[in-house]
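Note sheet for the following structure.
Below, read A as the first sequence line, B as the second, and so on, with proteins coming before strands; counting in each chain starts at 1.
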Number of protein chains: 2
Amino acid sequence: MSTAHHRKKQPLFVRQQLLEVAARLASEKGMTAVTLDAVSGASGVSKGGLLHHFPSKNMLLEALFESLLERLDAAIEEAMRADPLPHGRFTRGYLHACLALRDQPEGTKDWAQVTMVLLTEPQLRQRWHAWVRERSEEYVGTDSSVDAAIVRLAADGIWLADLLGSHDMDESARQKLIDRLIELTQL
Amino acid sequence: MSTAHHRKKQPLFVRQQLLEVAARLASEKGMTAVTLDAVSGASGVSKGGLLHHFPSKNMLLEALFESLLERLDAAIEEAMRADPLPHGRFTRGYLHACLALRDQPEGTKDWAQVTMVLLTEPQLRQRWHAWVRERSEEYVGTDSSVDAAIVRLAADGIWLADLLGSHDMDESARQKLIDRLIELTQL
DNA sequence: TTGACGAAACCGTCCAACTGGTATGTTATG
DNA sequence: CATAACATACCAGTTGGACGGTTTCGTCAA
């Protein structure tokens, strides 16, 4: 009517905000809680505004997933840059990225939860499949040993365990486990 | 009114049917597709009938999850009975149960997908946590080595990979991987 | 053996709240 | 002033679930 629309225009910020709210909702209340109304409500952005950034709910979810893959890629690349040994480097990077969840600032864990939530959506599962295929083809020279595969699988397992709260163990046990995994990548 | 209600009374069968339909929906179309209408529609049971067996949607999901845990327990126990060596027996049973998904008759794979879908629901996540805790306490004597933990994590990873279609590998590579994992449980 | 009876198993309808989405504004900013 | 960045209003379909009905079935007295 009269007094409204006075929000400052910050397209990138608002877009990011919307994604974060969607992520939080998904991780805290499950997939069924991620509705357009809920997202717009919790983020203080109108539904119209939300639908301006993401033309449909599917687009929102896809953007969310894409954003997650970018984060994953960044984390892996960063770890790989600090790793001098080519053999098994990607696997160690992957492991490191999976481990990183636990220790990072709050909010980050949410993103992992979302990943799983999103992976239950059949369409996004294909996107993930594509990601894996790309990487496994790219690093076929340095990371295709049996033990490397085991480590990557275990990394997935740790990722799962961390975000489900299962397989809980104390810090020293965890460190031993990590050491052993890294050792396996070097064989 | 007049011609209806002529269904034979088969409470256990109908109940099972409803759970299976819910499972199929969840795995094929994701969590958002599991609605009371959809379940009752696809199972040929009226919504009233559905709500008779499961007083609420949450109850339905919980029952579904419970049914999954029972299946998992049964699979593990069966594998453990055929295993003469105490050391690492549970871990091998767990591994076996996770591997079994792939090779079993059609429809079984769906159940794994459902498991993951259900795990995104925060309430059910706690139930899973409790399950893991129980088992890890029960088998602390025989399955608490670092390598056993790695194997169980890798089993989770395989479980994830199988149902996401990622980490695809040929049969001989898979067999090598399994052999190596079993070897690790025996150290 | 029967048949009345109560409970359990199912059905069909209705509803308020919510769903994703459209259409049409209004305002900030280059 | 044109366009992107928002907001507001509205809609048709769907949602979970409440409710009252109908039918089957085990049981137990007669």
In whole angstrom, what separates [X]'s [atom1] from [N]'s [atom2]?
X: A:L18; N: D:dA5; atom1: CG; atom2: P; answer: 13 Å
X: B:M59; N: D:dA18; atom1: CE; atom2: P; answer: 11 Å
X: A:N58; N: C:dT19; atom1: CG; atom2: C1'; answer: 14 Å
X: A:H52; N: D:dA4; atom1: NE2; atom2: P; answer: 8 Å
X: A:Q16; N: D:dA5; atom1: CD; atom2: C1'; answer: 17 Å
X: A:R15; N: D:dA4; atom1: CZ; atom2: P; answer: 16 Å

In terms of side-chain heavy atoms of B:L51, which of D:dA7, C:dC10, D:dA18 is nearest?
->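 Output: D:dA18.
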May I ask you to test the A:L72-A:W131 pair for a side-chain heavy-atom distance under 4.5 Å?
->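 In short, these two side chains touch, coming nearer than 4.5 Å.
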Residues which pass salt bridge (charged side-chain N to carboxylate O under 4.0 Å, His left out) with A:E78, listed by chain and number, not counting sequence neighbours |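 So A:E78 forms no salt bridge (charged side-chain N to carboxylate O under 4.0 Å, His left out) with any residue.
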Using atom names, set out every protein N or O paired with an N or O of nucleotides 13-16 of chain D below 3.5 Å, distance rounded to 0.1 Å.
| from | atom 1 | to | atom 2 | distance (Å) |
| --- | --- | --- | --- | --- |
| D:dG16 | OP1 | B:K57 | NZ | 2.8 |
| D:dG16 | OP2 | B:L36 | N | 2.7 |
| D:dG16 | N7 | B:K47 | NZ | 2.8 |
| D:dG16 | O6 | B:K47 | NZ | 3.4 |

Under-4.0 Å salt bridge between A:R127 and A:E62 =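 Salt bridge flag = no for A:E62 with A:R127.
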Donor-acceptor contact below 3.5 Å, side chain A:S144 vs main chain A:G141 |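 Absent.
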Decide yes or no on salt bridge (Lys or Arg N to Asp or Glu O under 4.0 Å) for A:D73 and A:R135, but give the supporting numbers first.
-> CA-CA 10 Å; A:D73 275 326; A:R135 296 305 172 285; 2.9 Å; yes
Just by distance, with hydrogens left out, do A:S145 and A:D147 show a side-chain donor and acceptor under 3.5 Å apart?
->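 No pair is found: no donor N or O on one side chain lies under 3.5 Å from an acceptor on the other.
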Phosphate oxygens OP1/OP2 of D:dA5: is one of them under 4.0 Å from a side-chain N or O of A:H53?
->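 Checking A:H53 against D:dA5: no side-chain N or O falls below 4.0 Å of OP1 or OP2.
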